[in-house]
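To keep things clear, I will list the structure first and then write my remarks on it.
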Amino acid sequence: MTTIAVLDANVLIPNALCDFLLRLAEEDLYQPRWSPTILAEVRRHVPVPAAAIDR
């Protein structure tokens, strides 16, 4: 059974931590989840285009 983890904005905003966690997910070590509310918070605090965050 695969572990599911909700990634809050506080771990999605720091670039190094976000990259690390998403790479672990690519290796199928867990399934990341987030909500539209979490992504909206990330968009408000990260100075990159919204399309980059959506990707």
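For the pair L7/L21, a side-chain contact is recorded, criterion being any heavy-atom separation below 4.5 Å from C-beta on. Contact annotation: the side chain of L12 never approaches that of V46 to less than 4.5 Å [non-hydrogen atoms, C-beta and beyond]. In this structure, T2 and D28 have side chains that are not in contact, with every pair of non-hydrogen atoms separated by 4.5 Å or more.
Applying the side chain to side chain contact (heavy atoms under 4.5 Å, CB included) rule to A25 yields the partners Y30, P32; only residues at least two apart in sequence or on another chain are considered.
In this structure, the separation between CG on L22 and CG on L17 is 9.0 Å, given to the nearest 0.5 Å. Here the CZ atom belonging to R44 is positioned 9.0 Å from the CD1 atom belonging to I13, to the nearest 0.5 angstrom.
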Exercise for review: Go through the steps for W34 and V6 under the test side chain to side chain contact (heavy atoms under 4.5 Å, CB included), then give the verdict.
Suggested key: CA-CA 5 Å; W34 46 78; V6 175; 5.5 Å; no

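Clustering ILVMFWY residues whenever any of their side-chain heavy atoms sit less than 4.5 angstrom apart, transitively, puts V48 in the very cluster that holds L39.
The side chain to side chain donor-acceptor pair (under 3.5 Å) contacts involving residues 4-21 comprise D19-R23, where partners must be two or more places apart or lie in separate chains.
Within a 6.0 Å radius of CD in Q31, more than 12 heavy atoms belonging to other residues, nucleotides or ligands are found.
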